[in-house]
Amino acid sequence: GIQVEQSPPDLILQEGANSTLRCNFSDSVNNLQWFHQNPWGQLINLFYIPSGTKQNGRLSATTVATERYSLLYISSSQTTDSGVYFCAVDMNTGFQKLVFGTGTRLLVSP
Amino acid sequence: DAGVIQSPRHEVTEMGQEVTLRCKPISGHDYLFWYRQTMMRGLELLIYFNNNVPIDDSGMPEDRFSAKMPNASFSTLKIQPSEPRDSAVYFCASGANTEAFFGQGTRLTVV
């Protein structure tokens, strides 16, 4: 099956710093989502981005489907950004099943 | 819409007991997914439904696990009999063609 690798596995930032999280996948995908799992365990949708670039406030994401990677940018990080960031992909046509990466654990300290 | 609603939020049960997890998807979504999250295996898909029909249950770990979707607004995941290794957070998610949206999960502890 498709392999999804995320890097770095862990990241510690000072509040206000910027960061880039990476997601590499082993095959062509038709669906890619970024999620934030907050310290309470809730999975929050950040982006649906099978290709191209999107921005939402301090967060933006870019997926280069032909090169099989996606990047999540966090600017001016805040303590509330702490948690685990997951990339999930679906290689099937249509909407079938998301395969999750192992995540990047982010800790933003004040 | 209130989002995907799961119940209970927490469940503690004794080994050998039957456990039933419940999910109400977002209205209008025709896909429903059950995921399990553990430290060792991360987030893994157990089963998904399209228009209430089970499409792929290849992720269901064994016959002790079963899932049903009797109508568009309700699904259950049942474990019978439960074992300590079933302890995990179980997520339900729903979607319509593109994005999947997750419920808050049920934290199951089997002692």
Side-chain angles (χ1 to χ4, degrees), chain A residues 1-10 21 23-26 29-52 54 56 59 61 63 65 70 72 83-105, chain B residues 1-6 8-11 21 23 25-26 28-51 53-60 67 87-109:
Chain A
I2 192 168
Q3 304 298 313
V4 184
E5 295 181 355
Q6 292 187 241
S7 60
D10 295 280
L21 283 57
C23 172
N24 292 333
F25 39 94
S26 60
V29 298
N30 286 295
N31 185 347
L32 188 146
Q33 291 186 239
W34 282 98
F35 295 89
H36 174 215
Q37 187 166 37
N38 64 22
W40 295 269
Q42 188 176 1
L43 279 163
I44 299 165
N45 290 45
L46 297 178
F47 294 102
Y48 165 73
I49 187 166
S51 63
K54 290 186 178 180
N56 185 2
L59 272 59
T63 297
S70 183
L72 178 68
V84 183
Y85 289 80
F86 289 103
C87 165
V89 304
D90 182 355
M91 61 182 288
N92 299 289
T93 54
F95 189 27
Q96 296 196 27
K97 47 187 181 181
L98 290 172
V99 175
F100 280 77
T102 52
T104 292
R105 184 175 301 274
Chain B
D1 201 312
V4 177
I5 299 172
Q6 292 186 244
R9 292 290 310 279
H10 302 273
E11 176 80 34
L21 311 181
C23 175
I26 294 171
H29 283 183
D30 52 1
Y31 285 86
L32 184 137
F33 307 84
W34 283 100
Y35 281 83
R36 179 171 68 175
Q37 185 177 32
T38 60
M39 289 293 292
M40 292 298 294
R41 300 174 66 91
L43 276 155
E44 51 182 348
L45 178 69
L46 301 177
I47 185 172
Y48 80 94
F49 296 81
N50 179 219
N51 291 320
V53 176
I55 304 300
D56 186 343
D57 65 354
S58 60
M60 296 284 262
S87 298
V89 180
Y90 290 81
F91 286 100
C92 175
S94 71
N97 294 323
T98 53
E99 268 185 281
F101 294 86
F102 282 73
Q104 292 185 299
T106 295
R107 182 175 296 277
L108 174 65
T109 303

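Treat the numbers as computed from the prediction; the structure is a model and nothing was measured. Convention: sequence-line order gives letters A, B, ...; per-chain numbering from 1. Below, each value reflects all heavy atoms present in this structure, side chains not excepted, and no hydrogens, waters or symmetry copies.
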| request: Could you pull out the closest heavy-atom pair between A:Gly41 and B:Phe91, with the gap in Å? | output: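 The answer is O-CZ, 3.4 Å.
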By a 4.5 Å heavy-atom criterion (distance strictly below it), what part of [X] contacts chain A: side chain, backbone, both, or neither?
X: B:Glu44; result: neither
X: B:Leu43; result: both
X: B:Asp56; result: side chain

Heavy-atom pairs under 4.5 Å with chain B, option from A:Trp40, A:Phe35, A:Tyr48 with the top count:
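Highest number of pairs under 4.5 Å: A:Tyr48.
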- Message: Can you tell me how the ring of B:Tyr31 sits relative to the ring of B:Phe33, calling it parallel under 30°, perpendicular over 60° and tilted otherwise?
- Response: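 Rings of B:Tyr31 and B:Phe33: parallel, as their planes differ by under 30°.
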> Parallel, tilted or perpendicular: which fits the ring planes of A:Tyr85 and A:His36, with parallel below 30° and perpendicular above 60°?
Replying inline: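 Plane angle under 30°, so parallel.
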_Flag, side chain of B:Gln6 to backbone of B:Tyr90, donor-acceptor distance under 3.5 Å_ =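 Indeed, once roles are kept as given, a pair shorter than 3.5 Å links the two residues.
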